[in-house]
Amino acid sequence: MTSYAFDWVDAFSDQPFGGNGCAVLHDAGALDAKTCQAFVRETSLMECTFLEPSTVADIKVRYFLASREIPFAGHPTIATVASLVARGLTRGRGLVLETGAGLVAVEIDDAHGDAPLVTMTQVAPEFGPDLPRDLVAAVGRIDAEDIIATPQVVSTGLPFCITVLRDQDVLRRLDLDVGALARLAAHLGHDRTDMMEPFWVTQGGATPAGDTFSRLLIAPPSPPEDAFTGSATGAMAAYLWRHGLIEGRRFTAEQGHWMGRPGQAHVEVLGPPGAISGVRVAGRGRVLMSGQLHL
């Protein structure tokens, strides 16, 4: 029997049972993709990370959904670094992660006790195709008129269809149509497993502290909704800045409040709207529990 140490971390929150949970497995380079996916299903979490040594960075991170491996994810990055801090495996105030999306630099401020503030600099955004409002609206079972700006595929490591909605009433009414999601993927020329679901955004926070409030509804076999999506938040920030939908390049993003798991990130877009060089997304991570996986 082989055992693997893990930490269960709530990311984008400094409180237990807030933000988005992620299990971080250490020294997991020997695990194959099938086993990693099975572990994610066992936890019922959205994503988990699996760590191994790197020859080009401080550590290599692999990101898994229940259905597949993905190149990068935001809240698992926050969780991974919080786990490394808790185990005394970081040196100084920063480190570099090797991910499927390239090298990701992170900064660490652990002055806040057991919930360090982790700032990741996501790569320069890639702006993909615009998408018809009616096709995207159908995915959420809303009307095309409920979308106030042209939806667009944007990636800062993982592509999302960024979709800005009229108000939070529309945001609350969203209901995922998996068939419409497959039709959207076909329109893009993708297999369903090659794309993420639309990231639905409203201007104005869930609380007075927020500037945006978002939801991400997920198709099976993952849980039906993500509590906080750091990778999509970076893509969303780049989209809003490029299209003049936010006044400044620094703002506070909120997600998960209607799920009873409020999450918050501090976001900064780097560079002018026409030449964005990256996006900084900062959030806290709190280790909730630790243990051993026995295989």
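What you are looking at is a predicted structure, and each value in this text was computed from that prediction instead of being measured.
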Can you measure from [atom1] ([X]) to [atom2] ([Y]) and round to the nearest 0.5 angstrom?
X      : Y      : atom1 : atom2 : value
Asp110 : Arg284 : CG    : CZ    : 10.0 Å
Gln255 : His75  : CD    : NE2   : 10.0 Å
Leu217 : Asp177 : CG    : CG    : 11.5 Å
Leu165 : Ile148 : CG    : CD1   : 8.0 Å
Leu171 : Trp200 : CG    : CH2   : 9.5 Å
Glu254 : Thr233 : CD    : OG1   : 11.0 Å

Give me the atom names and distance for the closest heavy-atom approach of [X] to [Y].
X      : Y      : answer
Ala219 : Val178 : CB-CG2, 4.3 Å
Cys22  : Ala79  : CB-CB, 3.7 Å
Met46  : Pro223 : CE-O, 3.6 Å
Leu184 : Pro198 : CD2-CG, 4.2 Å
Gln292 : Ser3   : OE1-CB, 3.5 Å
Ala28  : Phe50  : CB-CB, 3.9 Å

[Y] reachable from [X] in the ILVMFWY side-chain graph, under 4.5 Å edges:
X      : Y      : result
Val170 : Val136 : yes
Val279 : Val164 : yes
Leu65  : Leu31  : no
Leu270 : Ile276 : no
Phe127 : Leu245 : yes

Knowing that exactly one of Phe228, Phe213, Phe12 qualifies, which makes a ring-ring contact (aromatic ring centres under 6.0 Å, His included) with His257? Phe213
Side chain to side chain contact (heavy atoms under 4.5 Å, CB included) assessment of Val139 paired with Thr163: CA-CA 11 Å; Val139 176; Thr163 308; over 6 Å; no
Side chains of [X] and [Y], heavy atoms from C-beta outward: is any pair under 4.5 Å?
X      : Y      : answer
Val9   : Val287 : yes
Phe160 : Thr229 : yes
Arg242 : Pro125 : no
Pro71  : Leu158 : yes
Glu47  : Val40  : no
Thr77  : Tyr63  : yes
Leu131 : Cys161 : yes
Asp146 : Arg166 : yes

Hey, does the side chain of [X] reach the backbone of [Y] with a donor-acceptor pair shorter than 3.5 angstrom?
X      : Y      : value
Asp58  : Val96  : yes
Arg41  : Ala66  : yes
Gln168 : Gly205 : yes
Gln122 : Val281 : no
Glu98  : Ser54  : no

Looking just at side-chain N and O atoms, do Ser83 and His26 make a donor-acceptor pair shorter than 3.5 Å? yes
Is it true that Gln264 and Thr252 share a donor-acceptor pair across their side chains at a distance under 3.5 Å? no
Taking the six-membered ring for Trp, are the ring centroids of Trp241 and Phe251 within less than 6.0 Å of each other? no
Would you say that more than 12 heavy atoms from the other residues, nucleotides or ligands in this model lie under 6.0 Å from the [atom1] of [X], or not?
X      : atom1 : value
Asp27  : CG    : no
Glu247 : CD    : no
Glu69  : CD    : yes

Answer yes or no: is there an ion pair linking Asp10 with Arg261, defined by an N-O contact shorter than 4.0 Å? yes
Between Arg286 and Asp14, is there a side-chain N and carboxylate O pair less than 4.0 Å apart? no
Apply the test salt bridge (Lys or Arg N to Asp or Glu O under 4.0 Å) to residues Arg249 and Glu268: give CA-CA distance (whole Å), side-chain angles for both, the deciding distance (0.1 Å), then the verdict. CA-CA 6 Å; Arg249 57 192 181 94; Glu268 179 183 4; 3.1 Å; yes
Please determine whether side chain to side chain contact (heavy atoms under 4.5 Å, CB included) holds for the pair Leu51 and Leu84, giving the CA-CA distance in whole Å, both sets of side-chain angles, and the decisive distance to 0.1 Å. CA-CA 10 Å; Leu51 310 187; Leu84 292 170; 4.0 Å; yes
Give the C-alpha distance, both sets of side-chain angles, the deciding distance and a yes or no for side chain to side chain contact (heavy atoms under 4.5 Å, CB included) between Asp211 and Ile246. CA-CA 9 Å; Asp211 298 295; Ile246 50 174; over 6 Å; no
Criterion side chain to side chain contact (heavy atoms under 4.5 Å, CB included) on Leu97 and Ile59, from CA distance to verdict: CA-CA 5 Å; Leu97 309 179; Ile59 193 106; 3.4 Å; yes
Any salt bridge (charged side-chain N to carboxylate O under 4.0 Å, His left out) involving residues 219-237? Give me the pairs, sequence neighbours left out, ordered by first then second residue. Arg215-Glu225
